[in-house]
J.: 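Let me begin by handing over the structure; questions about it come next.
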Number of protein chains: 2
Amino acid sequence: MMVSEYIHQIIALLQPEKECVENAFKKMELSKGDFFIKQGKVCDQVAFVVSGKLRNFYIDDAGNEVTCFFVTADSFVSAFTSFLTNTPTHENITALEDTVLRVISKKDIEELSILIPKMQIFRRIIAENLFIIMEKRIMMLQSQSAHERYEKMLKENPEILLSVPLQYTASFLGITPQHLSRLRKELQK
Amino acid sequence: MMVSEYIHQIIALLQPEKECVENAFKKMELSKGDFFIKQGKVCDQVAFVVSGKLRNFYIDDAGNEVTCFFVTADSFVSAFTSFLTNTPTHENITALEDTVLRVISKKDIEELSILIPKMQIFRRIIAENLFIIMEKRIMMLQSQSAHERYEKMLKENPEILLSVPLQYTASFLGITPQHLSRLRKELQK
DNA sequence: GTGATTTCTTAACATTTGTTCAGTGTGATG
DNA sequence: CATCACACTGAACAAATGTTAAGAAATCAC
């Protein structure tokens, strides 16, 4: 989907506004394995995923990769906390497959928001939607067992489960790959 | 703090705008144990906590209360997901002590946002800040042990730990009261 | 103040999850 | 083809956490 189309679905845009938006987002192509952002940098851009798939992960105190999110087409991706606070990020965002992005810098978002004031509403809605996703995830991690979390993911995001290495899914669920392997076997019965 | 003051700290308000904001938020007083919202209802208001303390919890599949958040003075409280999606909430929000709120309805927020367009920016920033808090919490739940989570809370929110019943803290950390009691004893050594 | 109720602690035991390590399969590369 | 690296599985054991039940401590209602 085009980024202006996506925004238009949320806040109606006039044709010249659509063009203005399309010009503000620059095309970026990532090959499988390429990084959108690496830990230690300040993330000053946000991207709309046109096609492909990415993974957001960080390295915990024990040195393990912990997957925070998978990001698929028609959604926004960024190290948002770094982006919003201008502090170096702990997150890495990498392409799980060849991926096409439309990228906009913080500066350009601000300029676009002056040109098109209702972009403020759009930005608010995006932030609110991210919040809703986060809250769901917290409830899952806080009150469900690993087994329940896996079954829920199997039901709600089978396409991710099937397309990414098991170890990524494991850390996303907050468990070790060995334990996920065990849960899978139990579930086969 | 007055709610207009709080907002003013984030987006500068003119004196008449401050008054406009103060009028839009209605005073509400809760006694200890009173509910701001109960599960099953659609939450159509947001409150600024002037003084007091609240707890946000839901009942999980096993029938246990699970504490999602503690909310203290000078922050906003609501069943945000319900508020944003107009769906019945699973959350309960209750006063842990006598509490003074300034409450605004969804309708009034929209009207206020038309009168004072920069309220859109404020609303976005609030949503973004909630997102940042959520993300931190996810990382904690996903990659740290109960012991580490407790120590972190002890360091960062001792005032909450000391003022709420242990069982609330336990479910907030994602563990049983018995296990928290055990962790505490270990830490005393 | 007294009894009743709730909250907290403790301990034994059960379950879940992590750790270590060995093995198996698979795909890439020379 | 041989080999290497990597992802996944499996099993034995260890550590973390849950469950149950009982008693101690704190709080509440009268």
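Hydrogens, waters and symmetry mates play no part in the numbers below; they use all other heavy atoms, side chains included. So that the names make sense, note that chain A is the first sequence line, chain B the second, and so on, each numbered from 1. For clarity, every value in this text was computed on a predicted model and none was experimentally measured.
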J.: Between A:I104 and A:V3, is the side chain to side chain contact (heavy atoms under 4.5 Å, CB included) condition met? List the steps.
T.: CA-CA 11 Å; A:I104 187 169; A:V3 60; over 6 Å; no
J.: Roughly, in whole Å, what's the span from CZ in A:R184 to C1' in D:dA7?
T.: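 Spelled out: CZ on A:R184 to C1' on D:dA7 is 11 Å.
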J.: In whole angstrom, what separates B:L96's CG from D:dT27's C1'?
T.: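 So the CG-C1' distance, B:L96 to D:dT27, works out to 16 Å.
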J.: Assess whether salt bridge (Lys or Arg N to Asp or Glu O under 4.0 Å) is satisfied between B:R123 and B:E110, documenting all intermediate values.
T.: CA-CA 11 Å; B:R123 291 168 70 185; B:E110 297 303 344; 3.2 Å; yes
J.: Quick check: A:F25 with A:F48 (ring centres under 6.0 Å apart)?
T.: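 No, the ring centres sit 6.0 Å or more apart.
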J.: Could you give me the CA-CA distance, side-chain angles and deciding distance for B:Q45 and B:M28, then say whether side chain to side chain contact (heavy atoms under 4.5 Å, CB included) is met?
T.: CA-CA 12 Å; B:Q45 42 187 22; B:M28 176 191 279; 4.2 Å; yes
J.: Do A:E156 and A:K136 meet the salt-bridge criterion of a basic N to acidic O distance under 4.0 Å?
T.: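 Salt bridge: no.
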J.: For the pair made of CD in B:Q167 and C1' in D:dG18, what is the distance, rounded to whole Å?
T.: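 Checked: the CD to C1' distance equals 17 Å.
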J.: Quick one: does A:Q142's side chain have a donor or acceptor within less than 3.5 Å of a partner on B:S171's backbone?
T.: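 Yes, the answer is positive, given that a donor and an acceptor are paired below the 3.5 Å cut-off.
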J.: How many whole angstroms separate atom CG of B:L162 from atom P of C:dT7?
T.: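 Checked: the CG to P distance equals 18 Å.
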J.: Within this structure, what is the CG-to-P distance between A:L180 and C:dT19, rounded to whole angstrom?
T.: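 Rounded to the whole Å, the gap is 15 Å.
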J.: Distance check needed: C:dT9 C1' versus B:L187 CG, whole Å only.
T.: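 Computing the B:L187:CG to C:dT9:C1' distance gives 16 Å.
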J.: Which protein N or O atoms sit under 3.5 Å from an N or O of nucleotides 14-17 of chain D?
T.:
from   : atom 1 : to     : atom 2 : distance (Å)
D:dT17 : OP1    : B:A146 : N      : 3.0
D:dT17 : OP2    : B:H179 : NE2    : 3.2
D:dT17 : O5'    : B:H179 : NE2    : 3.4

J.: To the nearest 0.5 angstrom, please state how far the CE atom of B:M2 sits from the NE2 atom of B:H8.
T.: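 Those atoms lie 12.0 Å apart.
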J.: Can you check whether A:K185 has a side-chain N or O nearer than 4.0 Å to OP1 or OP2 of D:dA11?
T.: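 Answer yes for this pair, as a side-chain N or O of A:K185 is under 4.0 Å from OP1 or OP2.
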J.: Grab the CD-C1' distance between A:E186 and D:dA11 for me, whole Å please.
T.: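 Whole-Å distance recorded here is 14 Å.
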J.: Which atom pairs link the protein and nucleotides 20-25 of chain D when you take only N or O atoms and keep those under 3.5 Å?
T.:
from   : atom 1 : to     : atom 2 : distance (Å)
D:dT20 : O4     : B:Q178 : NE2    : 3.3

J.: Contact between A:Y58 and A:N56 at the side-chain level, heavy atoms closer than 4.5 Å - yes or no?
T.: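 No, their side chains stay 4.5 Å or more apart.
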J.: Looking at A:Y6, does the NZ or CZ of A:R102 lie under 6.0 angstrom from its six-membered ring centre and within 45 degrees of the ring axis?
T.: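 So A:R102 doesn't make the cation-pi contact.
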J.: Going by heavy atoms closer than 4.0 Å, what residues in residues 59-72 of chain B are next to DNA chain C?
T.: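 Hits under 4.0 Å, by residue number: none.
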J.: Is the ring pair A:F70/A:F172 parallel, tilted or perpendicular, if the boundaries are 30 and 60 degrees?
T.: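 Correct class here is tilted.
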J.: Rounded to whole Å, how long is the line connecting atom CG of A:L166 with atom C1' of C:dT26?
T.: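 So the two atoms are 15 Å apart, to the nearest Å.
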J.: So does B:K53 pair up with B:E159, basic N to acidic O under 4.0 Å?
T.: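 Salt bridge absent between B:K53 and B:E159.
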